[in-house]
There are 2 protein chains.
Amino acid sequence: MRLLLVEDDELLSAPLRHDLEQQGFAVDLAKEGVEAEFMGNEIDYDLIVLDLGLPKRSGIEVLQNWRAEGNTTPVIILTARDAWHERVAGFKAGADDYLGKPFHVEELVVRLQALVRRSHDMLGKGLQSGGLALDEERQQVVLPDQVRLDLTGTEFRLLRCFMLNKDKILSKTRLTEHVYEQDFDRDSNLIEVYIRRLRDKLGKQVIETRRGQGYIYVGVER
Amino acid sequence: MRLLLVEDDELLSAPLRHDLEQQGFAVDLAKEGVEAEFMGNEIDYDLIVLDLGLPKRSGIEVLQNWRAEGNTTPVIILTARDAWHERVAGFKAGADDYLGKPFHVEELVVRLQALVRRSHDMLGKGLQSGGLALDEERQQVVLPDQVRLDLTGTEFRLLRCFMLNKDKILSKTRLTEHVYEQDFDRDSNLIEVYIRRLRDKLGKQVIETRRGQGYIYVGVER
DNA sequence: TGATGATTTTCAGCTTTATTTCATCTCTCT
DNA sequence: AGAGAGATGAAATAAAGCTGAAAATCATCA
């Protein structure tokens with residue numbers, strides 16, 4: 001899955017790139033508009049993540065030029081959380097989706113996967129893993145017997161993180177980083193509390209404890 | 001933009017499907033009448049392209065059954081160039097447009113886009129969703145028992161937005177964008193106020209709250 | 001134009017729910 | 001047994017949403 005990331009801010013692009021690669025994308029990085037336009041046209045990407053607000057050439061313009069060239073690669077744009085006009089302009093220019101900054105990497109990944117699925121016409125619902133399915137639309141988890149449970153925002157993000165990393169150990173710090181924006185390192189047992197809530201809702205065995213290392217999502221057994 | 005293509009001739013459907021997908025439609029294919037009828041009723045398509053002259057069940061019959069079910073998805077029918085009687089029958093059965101075979105794909109795409117626009121902008125006859133119907137003329141909502149309620153302009157726009165997106169979470173910002181043009185003062189509880197008014201008129205359960213996410217229209221229960 | 005009624009918008013206090021903290025308990029490893 | 005890591009339940013805090021009423025706006029018509 002080849003992806004072009006257009007982002008001028010190194011502070012943002014470096015970790016983002018890392019996370020996306022973690023998720024299995026082959027990431028190319030373009031740091032400014034002209035370069036982005038060239039790469040987007042030359043290479044056949046599966047996806048493009050475009051940060052609006054580039055220095056030289058505006059992201060909108062780059063996108064317009066791609067579309068004018070007949071390039072139909074799915075594009076998701078990143079905008080400031082409240083820049084409504086940018087989004088509209090983005091859609092008009094041919095964007096397929098947008099995401100407001102700041103965002104959780106998981107959220108971006110989910111949107112990207114949705115875009116890929118859409119563009120491949122592989123209609124499918126949400127993320128499925130270990131016998132559970134996530135319904136992003138309604139922020140619910142679907143159990144094997146089709147029963148749906150409501151989750152709170154934090155519970156949902158945490159569970160998504162687990163489901164994206166089934167059978168992998170996730171340290172508490174890693175989980176904290178993914179569930180909460182940015183830093184956040186207060187010494188608190190938040191993760192423990194939410195692990196408990198998830199276990200209450202999904203069953204105790206779904207998330208195992210690896211003492212001293214973290215937690216691991218093993219899914220529900222049949 | 002989700003589209004159902006009902007076409008039994010593989011030689012025609014395969015390239016057509018490809019072209020439509022190229023144009024940005026998510027295409028589902030039904031190869032014969034019974035299947036088509038089922039899919040059209042189960043899935044909430046934006047458009048249906050229906051080839052008359054299916055083997056088992058006639059396309060006309062399928063269309064009639066959809067309409068009988070209250071399904072108002074825009075339907076464009078494909079007929080032989082000279083079969084004017086089929087066209088008449090098609091319109092009587094509730095088709096929104098027709099196209100004679102053979103045709104250029106571009107022509108079909110243009111008609112489809114026009115149809116979408118028409119159905120989204122004006123919804124001429126009346127949108128039906130979740131047991132409620134809208135009377136655009138009189139700006140009223142029609143309850144399952146045929147009782148009519150007057151709505152104010154804002155209430156009406158808001159409800160229409162919900163009915164077009166049944167069972168989907170709509171965030172307050174998204175709703176604001178639909179109900180009010182352009183940008184808008186962000187910190188105001190207008191949406192909450194109008195949600196309340198709608199609930200007062202339609203019943204509390206019709207619109208559910210997904211705290212932190214938005215609202216979701218689930219229709220009236222039977 | 002100015003009065004009237006309808007509709008839209010604002011506001012402040014209230015209720016509900018989610019998040020976070022905290023104190024205490026339990027387990028496991030040495 | 002003791003120390004560290006995690007679990008648990010309850011309580012405090014902070015958000016998000018709800019509500020009723022009043023103020024502002026708009027439309028209509030005499």
Side-chain angles (χ1 to χ4, degrees), chain A residues 81-82 102 104 138-141 149-162 169-218, chain B residues 138-141 149-162 169-218:
Chain A
R81 176 74 71 194
D82 54 353
H104 298 286
R138 306 195 191 191
Q139 196 173 301
Q140 290 175 328
V141 58
L149 295 180
D150 289 326
L151 297 179
T152 73
T154 310
E155 288 168 353
F156 192 81
R157 291 198 298 282
L158 185 61
L159 178 56
R160 178 165 59 203
C161 186
F162 273 117
I169 293 187
L170 297 172
S171 69
K172 272 191 283 199
T173 34
R174 176 112 188 267
L175 289 167
T176 307
E177 284 167 7
H178 285 257
V179 170
Y180 297 95
E181 321 238 336
Q182 300 294 102
D183 44 13
F184 192 102
D185 56 12
R186 270 168 287 170
D187 108 17
S188 94
N189 67 341
L190 269 179
I191 293 298
E192 277 128 331
V193 170
Y194 276 101
I195 292 279
R196 174 159 196 288
R197 303 239 165 103
L198 281 182
R199 282 175 172 161
D200 282 351
K201 291 193 175 178
L202 303 174
K204 200 148 185 164
Q205 353 60 260
V206 169
I207 297 167
E208 292 178 2
T209 303
R210 284 280 180 284
R211 174 171 252 256
Q213 302 172 80
Y215 296 90
I216 183 168
Y217 167 70
V218 298
Chain B
R138 303 166 171 277
Q139 200 171 85
Q140 289 174 328
V141 58
L149 294 180
D150 290 324
L151 295 179
T152 72
T154 310
E155 288 168 354
F156 193 81
R157 290 198 299 283
L158 185 61
L159 179 57
R160 177 168 56 203
C161 185
F162 273 117
I169 289 191
L170 298 173
S171 68
K172 273 191 281 202
T173 35
R174 177 117 184 265
L175 289 167
T176 307
E177 287 166 4
H178 273 84
V179 171
Y180 300 95
E181 305 297 327
Q182 296 294 91
D183 49 357
F184 193 77
D185 184 6
R186 243 163 241 69
D187 48 343
S188 128
N189 69 340
L190 267 180
I191 293 298
E192 282 152 32
V193 169
Y194 276 101
I195 291 280
R196 177 163 194 287
R197 304 240 166 104
L198 282 181
R199 282 177 173 162
D200 282 351
K201 292 194 175 179
L202 304 174
K204 201 148 188 163
Q205 352 62 260
V206 170
I207 297 168
E208 291 178 5
T209 303
R210 283 278 178 288
R211 176 173 261 250
Q213 293 281 114
Y215 297 91
I216 182 167
Y217 167 70
V218 298

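If you're wondering where the values come from, they're calculated on a predicted model, not measured in any experiment. By convention in this document, chain letters (A, B, ...) are assigned in the order of the sequence lines, proteins followed by strands, and residues within each chain are numbered from 1.
One cannot find a donor-acceptor pair under 3.5 Å joining the base of C:dT8 and the side-chain atoms of B:Arg157. Taking 3.5 Å as the limit, the base of D:dT8 and the side chain of A:Asn189 contain a donor-acceptor pair of atoms between them. For a distance-only test at 3.5 Å, the side chain of A:Arg211 qualifies as a donor-acceptor partner of the base of C:dC27.
Look at CD1 on B:Ile169: it is 11 Å from P on D:dG17, rounded to the nearest Å. Residue A:Leu190 contributes atom CG, which lies 15 Å from atom C1' of D:dA11 at whole-angstrom precision. When the C1' atom of C:dA18 is taken as reference, atom CD of A:Gln139 falls 11 Å away, rounded to whole Å. Atom CZ of B:Arg210 and atom P of C:dT17 are 13 Å apart (whole Å). One can place CG of A:Leu198 at 11 Å from P of C:dT19, the figure rounded to the nearest angstrom. Distance B:Asp150 CG to C:dT7 C1': 13 Å, rounded to the nearest Å. Distance A:Arg197 CZ to D:dT8 P: 12 Å, rounded to the nearest Å. Per the geometry, CD1 belonging to A:Ile216 stands 17 Å off C1' belonging to D:dG6, to the nearest Å.
Between B:Tyr217 and B:Phe162, the two ring planes are tilted [angle within 30° to 60°].
In this structure, B:Arg199 and B:Thr209 approach most closely via the heavy-atom pair NH2-OG1, 2.7 Å. Across B:Lys201 and B:Leu149, no two heavy atoms sit closer than the pair O-CD1, 3.4 Å.
Residue-to-nucleotide proximity on DNA chain D shows that, of B:Lys172 and A:Lys204, the 5′-proximal contact is made by A:Lys204. Annotation: of the two residues near DNA chain C, A:Val193 and A:Leu151, the 5′-most nearest-nucleotide partner is A:Leu151.
For A:Thr209, a side-chain nitrogen or oxygen approaches OP1 or OP2 of D:dA7 to under 4.0 Å. Within the structure, a side-chain polar atom (N or O) of A:Ser188 is placed less than 4.0 Å from OP1 or OP2 of C:dT21. OP1 or OP2 of C:dT8 has at least one side-chain nitrogen or oxygen of B:Thr152 nearer than 4.0 Å. Put simply, A:Thr154 has no side-chain N or O that comes within less than 4.0 Å of OP1 or OP2 on C:dA18.
Donor-acceptor pairing under 3.5 Å is recorded for the side chains of A:Ser171 and A:Thr173.
Residue A:Arg199 is classed as a sugar-phosphate contact, given heavy-atom separations below 4.0 Å to backbone atoms only. Among the protein residues, B:Tyr215 comes within range of the sugar-phosphate backbone only, with heavy atoms under 4.0 Å from sugar or phosphate atoms but none that close to a base.
When side chains are defined from C-beta on, A:Glu192 counts as touching A:Lys172, because their heavy atoms get closer than 4.5 Å.
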